[in-house]
Enquirer: 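Submitted below is the structure of interest, expressed as structure tokens.
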Amino acid sequence: MRVTMLYFAAARERAGVSTETIELAEGATAAQALALACERHPALQAVATKLRIAVDQDFAQPDRKLRDGSEVALIPPVSGGIR
Amino acid sequence: MRVTMLYFAAARERAGVSTETIELAEGATAAQALALACERHPALQAVATKLRIAVDQDFAQPDRKLRDGSEVALIPPVSGGIR
Amino acid sequence: MNRIGPEPLDAEAPLREVGGTDCGAVVSFVGTVRSSNHGKAVVRLEYEAYPEMAVRVLDRICAEARERWGARVVIHHRTGSLDPGALSVVIAAAAPHRADAFEACRYAIEFLKKEAPIWKKEIYPDGTSWVGLGS
Amino acid sequence: MNRIGPEPLDAEAPLREVGGTDCGAVVSFVGTVRSSNHGKAVVRLEYEAYPEMAVRVLDRICAEARERWGARVVIHHRTGSLDPGALSVVIAAAAPHRADAFEACRYAIEFLKKEAPIWKKEIYPDGTSWVGLGS
């Protein structure tokens, strides 16, 4: 199945793209999408543990199952994170 | 000595005047000014215990000694009183 | 600068006065006349002040806010007859960080309501009442 | 209506949207770009958002504020390159009484800062940093 990956802020800069479509096996999870993103864009690896994942515009747990056409966004710490 | 009395809001309505000059004995206190005001304007009596007194634009205790030329204001409960 | 008077208030005027690139947060409070209070229709409000003393109280509030929260605070209060929807008071508090701006603004309106010699008479369809005195 | 986009913000626009004669109190928060942060000079900020999701988060904040404090809340957030002094976010919260308006406004900015997918890059004379990530 195909899912749309969205990269923002530091994740976008490290990935070098803001969006792309990736192929995943049927039943793949959000964590597997992140792992594939890190594989394609090794610079993401260093910040991977700090990223939250959103699926279809809601925060999702790593074990969230994806569907064909899902929109998966990598969400770095947001602007209020250090206050 | 002479002091200027100022009446505001409900005190003004009950006194029927907004300002007047009264004569007090040398060394008179804020409480004595209030007592004389109530004597001159008996309708003030009903609210007298709810009034605060300001002398020369600062809240003052009833035993505050007045001076010739003092400005004595009767301060009903202010607008945030019941919140 | 703090002001008390009969001129209609501009909600943004205190905001403009307190801003600056050293402050990342401005919190403002706007008090408006409600068309009812405790379920009773209010036709209008009449605000009366002891202006010279009230301005001194407002200046003291601002000095205290600067001291405690490093905040710049400006307060404008209206007097006279106000229809529902009209602005009665506008406060702006600016500080480098938002927690201080919120604290300073809240402090200013609470202190003002308790200590500033400003009175409010509610005019109902069938009578009037001085708020705080209950008569 | 909540908005996120590159247009310059008007500090009074959310105030105008939330007002009404049923509400006696409007508390607003204006966030501006400071010219320094933790003692470091800031040349400008760049705000980036995931706008579709961020608007959903803002709408959820407003629903929650209505539920918990009976408050009407409107949030405008800017994106793009902002110079010191520019407004990055404006929030207005209106409620019948001031305690609720303060609570709702504070809740809105705190929740936004923690949960809305909006990022801030600080541009220094000698480098850059994504706030929150530390790199």
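Everything numeric in this text was worked out from a predicted model, so none of it was measured. Each chain gets a letter, A, B and so on, in the order the sequences are listed, and its residues count up from 1.
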Enquirer: So do the side chains of D:Cys105 and C:Phe102 get within less than 4.5 Å of each other, counting heavy atoms only?
Expert: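 SC-SC contact between D:Cys105 and C:Phe102 confirmed.
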Enquirer: Please determine, among D:Ala25, D:Gly85, D:Ala86, the option with the most heavy-atom pairs under 4.5 Å with chain C.
Expert: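 Top count of heavy-atom pairs under 4.5 Å with chain C: D:Ala25.
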Enquirer: When you measure from the side chain of D:Thr32 to the backbone N and O of C:Cys23, does any donor-acceptor pair fall under 3.5 Å?
Expert: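 Present.
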Enquirer: Taking every non-hydrogen pair under 4.5 Å, which of C:Val90, C:Val33, C:Ile109, C:Leu87 racks up the most with chain D?
Expert: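 Greatest number of close heavy-atom pairs with chain D: C:Ile109.
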Enquirer: Quick one: what part of C:Val27 sits under 4.5 Å from any heavy atom of chain D, side chain, backbone, both or neither?
Expert: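 Both parts, heavy atoms under 4.5 Å.
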Enquirer: With side-chain contact (heavy atoms from CB on, under 4.5 Å) as the criterion, how do C:His97 and D:Arg34 come out once you've worked through the C-alpha distance, each side chain's angles and the decisive distance to 0.1 Å?
Expert: CA-CA 10 Å; C:His97 296 288; D:Arg34 282 182 300 146; 3.3 Å; yes
Enquirer: Starting at OG of D:Ser28, measure out to CG of C:Leu15 and round the result to the nearest 0.5 Å.
Expert: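 The CG atom of C:Leu15 is 5.5 Å from OG of D:Ser28, to the nearest 0.5 Å.
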Enquirer: With only heavy atoms counted, which part of C:Ala99 is less than 4.5 Å from chain D, the side chain, the backbone, both or neither?
Expert: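 Looking at C:Ala99, backbone and side chain both touch chain D.
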Enquirer: Distance check, rounded to the nearest 0.5 Å: C:Arg106 atom CZ versus D:Arg98 atom CZ?
Expert: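 Separation between the atoms: 6.5 Å.
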Enquirer: Pick from C:Ala101, C:Pro96, C:Gly20: which one has the most heavy-atom pairs with chain D under 4.5 Å?
Expert: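 The candidate making the most pairs under 4.5 Å is C:Pro96.
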Enquirer: With a 4.5 angstrom heavy-atom cut-off, is it the side chain or the backbone of D:Ala92 that approaches chain C, or both, or neither?
Expert: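 Contact with chain C involves no heavy atom of D:Ala92 at all.
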Enquirer: Suppose we screen for ring pair (Phe, Tyr, Trp, His ring centres under 6.0 Å). Which residues come up paired with D:His77, at least two apart in sequence or across chains?
Expert: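 Result, ring pair (Phe, Tyr, Trp, His ring centres under 6.0 Å) vs D:His77: D:Tyr47.
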